[in-house]
Enquirer: 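Okay, handing you the structure first.
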Amino acid sequence: TDIVFPELDRWPWEASAEANRMFIDQEERLVGITIMNGLFERLVSFTDMGEAMISLVDEECQEGVKRLFDRLADFYLDMIGRFRQYFRMDLLVFHDDWGSQRAPLFSLETCREMVVPYLKRIVDGAHSMGVAFELHSCGKNELLVPAMVEAGVDLWNGQEVNDKKLLCDRYGDHMLFGAAPADLTPESSPEEVRASYQRFVEEFQGYRIY
């Protein structure tokens with residue numbers, strides 16, 4: 001099956017940058033841009049979740065997946081360069097969900113073989129352009145954090161199902177983890193919000209989080 005990639009030269013980069021000039025020109029503010037479908041998510045979009053997971057471990061499919069990820073890395077790096085050029089991007093948020101509610105969707109060994117080499121190319125490229133790299137990856141992915149570290153990821157804002165204090169203790173010298181109070185709802189009163197944040201500050205005092 002042939003996959004046709006978008007032609008980035010045809011996108012209205014200059015016009016879009018001009019329309020967002022009010023944000024771009026505020027140099028004291030960080031500019032963050034999100035790429036919504038990362039390597040694994042893009043694979044899922046071409047098949048479905050079950051077939052995508054199988055293709056990561058099926059020897060007959062693995063080389064094809066690697067070719068796709070290699071081409072995707074080229075595509076994302078081109079896109080990142082244009083975001084940096086036209087929008088002064090400081091932070092890239094890269095969406096690639098790797099987990100379920102209870103565990104990762106694939107093993108650390110599979111992630112190291114099938115994802116890390118291509119993710120690292122993207123991260124290294126972003127860093128060479130002066131762009132920080134945040135991985136947005138939903139799911140209980142604690143077991144895959146070593147792969148994130150090996151790829152050079154700077155930030156992971158994982159869901160609260162993950163043990164953030166444990167991750168900070170083990171990997172806090174390599175990357176930052178996002179954390180926030182988990183006991184608030186839209187109906188929480190101002191007093192409940194203040195109390196929740198006070199508990200959060202006390203719990204995470206001394207930890208490097210964002």
Enquirer: Can Leu91 be reached from Leu77 by stepping across I, L, V, M, F, W or Y side chains whose heavy atoms are under 4.5 Å apart?
Expert: no
Enquirer: For Lys165, check side chain to side chain donor-acceptor pair (under 3.5 Å) against everything at least two apart and list the hits.
Expert: none
Enquirer: Does the side chain of Val31 come within less than 4.5 Å of Phe83's, by heavy atoms?
Expert: no
Enquirer: Looking only at the side chains, is there a donor atom on one of Ser137 and Asp97 sitting less than 3.5 Å from an acceptor on the other?
Expert: no
Enquirer: Taking NZ, NE, NH1 and NH2 as the nitrogens, is one of them in Arg42 or Asp96 under 4.0 Å from a carboxylate oxygen of the other?
Expert: no
Enquirer: Who pairs with Arg29 by side chain to side chain donor-acceptor pair (under 3.5 Å), at least two apart in sequence or on another chain?
Expert: Gln26
Enquirer: Which heavy atom in Arg84 sits nearest to a heavy atom in Asp90, and how many Å separate them?
Expert: NH1-OD1, 3.7 Å
Enquirer: Looking at every non-hydrogen atom in both residues, tell me the closest pair between Val116 and Ala147 and how far apart they are.
Expert: CG2-CB, 3.6 Å
Enquirer: If you measure from CG on Leu68 to CZ on Phe46, what distance do you get to the nearest 0.5 Å?
Expert: 6.0 Å
Enquirer: Between Arg21 and Glu18, does any side-chain N to carboxylate O distance fall below 4.0 Å?
Expert: yes
Enquirer: Output all residues satisfying side chain to side chain donor-acceptor pair (under 3.5 Å) with Asp9, sequence neighbours left out; order by chain, then residue number.
Expert: Arg82
Enquirer: Are Lys66 and Glu113 within salt-bridge range, i.e. N to O under 4.0 Å?
Expert: yes
Enquirer: With the side chain counted from C-beta on, respond yes when Arg67 and Glu63 share a heavy-atom pair under 4.5 Å apart, and no when they do not.
Expert: yes
Enquirer: Please determine whether a side-chain nitrogen of the Lys or Arg among Arg194 and Glu192 lies less than 4.0 Å from a carboxylate oxygen of the Asp or Glu.
Expert: no
Enquirer: With a 4.5 Å heavy-atom cut-off, do Asp48 and Val44 have their side chains touching?
Expert: no
Enquirer: Test of understanding: clusters of I, L, V, M, F, W, Y form through side-chain heavy atoms closer than 4.5 Å, transitively. Do Ile35 and Phe23 belong to the same one?
Expert: no
Enquirer: Check the orientation of Tyr197 and Phe200. Use parallel for under 30°, tilted for 30 to 60°, and perpendicular for over 60°.
Expert: perpendicular
Enquirer: Less than 4.5 Å apart, any side-chain heavy atom of Cys111 and any of Trp98?
Expert: yes
Enquirer: Applying side chain to side chain contact (heavy atoms under 4.5 Å, CB included) between Glu134 and each of Asp154, Leu155, Leu92, report the one that passes.
Expert: Leu155
Enquirer: Within the 4.5 Å heavy-atom criterion, are His95 and His136 side-chain neighbours or not?
Expert: yes
Enquirer: For residues Phe177 and Val201: do they belong to one hydrophobic cluster (side chain heavy atoms under 4.5 Å, members Ile, Leu, Val, Met, Phe, Trp, Tyr)?
Expert: no
Enquirer: How many angstroms lie between atom CE of Met114 and atom OG of Ser55, to the nearest 0.5 angstrom?
Expert: 6.5 Å
Enquirer: Check whether any side-chain heavy atom of Asp74 sits under 4.5 Å from a side-chain heavy atom of Arg121, and report yes or no.
Expert: yes
Enquirer: Under the criterion salt bridge (Lys or Arg N to Asp or Glu O under 4.0 Å), I'd like the reasoning laid out for Glu150 against Lys120: C-alpha separation, chi angles, the key distance, then a yes or no.
Expert: CA-CA 8 Å; Glu150 291 164 19; Lys120 180 172 173 54; over 6 Å; no
Enquirer: Show the nearest heavy-atom pair for residues Cys168 and Arg208, with the distance to one decimal.
Expert: SG-O, 4.0 Å
Enquirer: Using the ring pair (Phe, Tyr, Trp, His ring centres under 6.0 Å) criterion, which residues pair with Phe94? Sequence neighbours excluded.
Expert: Tyr76, Phe133
Enquirer: If the condition is side chain to side chain donor-acceptor pair (under 3.5 Å), which residues does Gln85 pass it with, not counting sequence neighbours?
Expert: none
Enquirer: Does the side chain of Pro146 reach to within under 4.5 Å of the side chain of Leu108, using non-hydrogen atoms?
Expert: yes
Enquirer: Look up atom CG in Asn157 and atom CD in Glu160, then write down how far apart they are to the nearest 0.5 Å.
Expert: 8.0 Å
Enquirer: Under 4.5 Å between side-chain heavy atoms, counting indirect links through other Ile/Leu/Val/Met/Phe/Trp/Tyr residues: same cluster for Met175 and Phe204 or not?
Expert: no
Enquirer: Do Cys61 and Ile54 have side chains that get closer than 4.5 Å, going by heavy atoms?
Expert: no
Enquirer: Knowing that exactly one of Leu144, Val149, Asn141, Leu176 qualifies, which makes a side chain to side chain contact (heavy atoms under 4.5 Å, CB included) with Trp156?
Expert: Asn141
Enquirer: Is it possible for you to say whether Met53 and Val65 belong to one hydrophobic cluster, with membership spreading through side-chain heavy-atom contacts below 4.5 Å?
Expert: yes
Enquirer: Please list, chain by chain and in numerical order, all residues satisfying ring pair (Phe, Tyr, Trp, His ring centres under 6.0 Å) with Tyr171, sequence neighbours excluded.
Expert: none
Enquirer: Report the C-alpha distance between Phe40 and Phe106 in whole Å, list the side-chain angles of each, state the deciding distance to 0.1 Å, and finish with yes or no for ring pair (Phe, Tyr, Trp, His ring centres under 6.0 Å).
Expert: CA-CA 11 Å; Phe40 180 66; Phe106 37 79; 5.2 Å; yes
Enquirer: Tell me the closest heavy-atom pair linking Met36 and Glu41, and the distance in Å.
Expert: O-OE1, 2.8 Å
Enquirer: Compare every heavy atom of Arg88 with every heavy atom of Ile24, then report the nearest pair and how far apart it is.
Expert: O-NE, 2.8 Å
Enquirer: Work out which heavy atom in Leu56 is nearest to a heavy atom in Leu43; give both atom names and the distance.
Expert: CD2-CD2, 4.1 Å
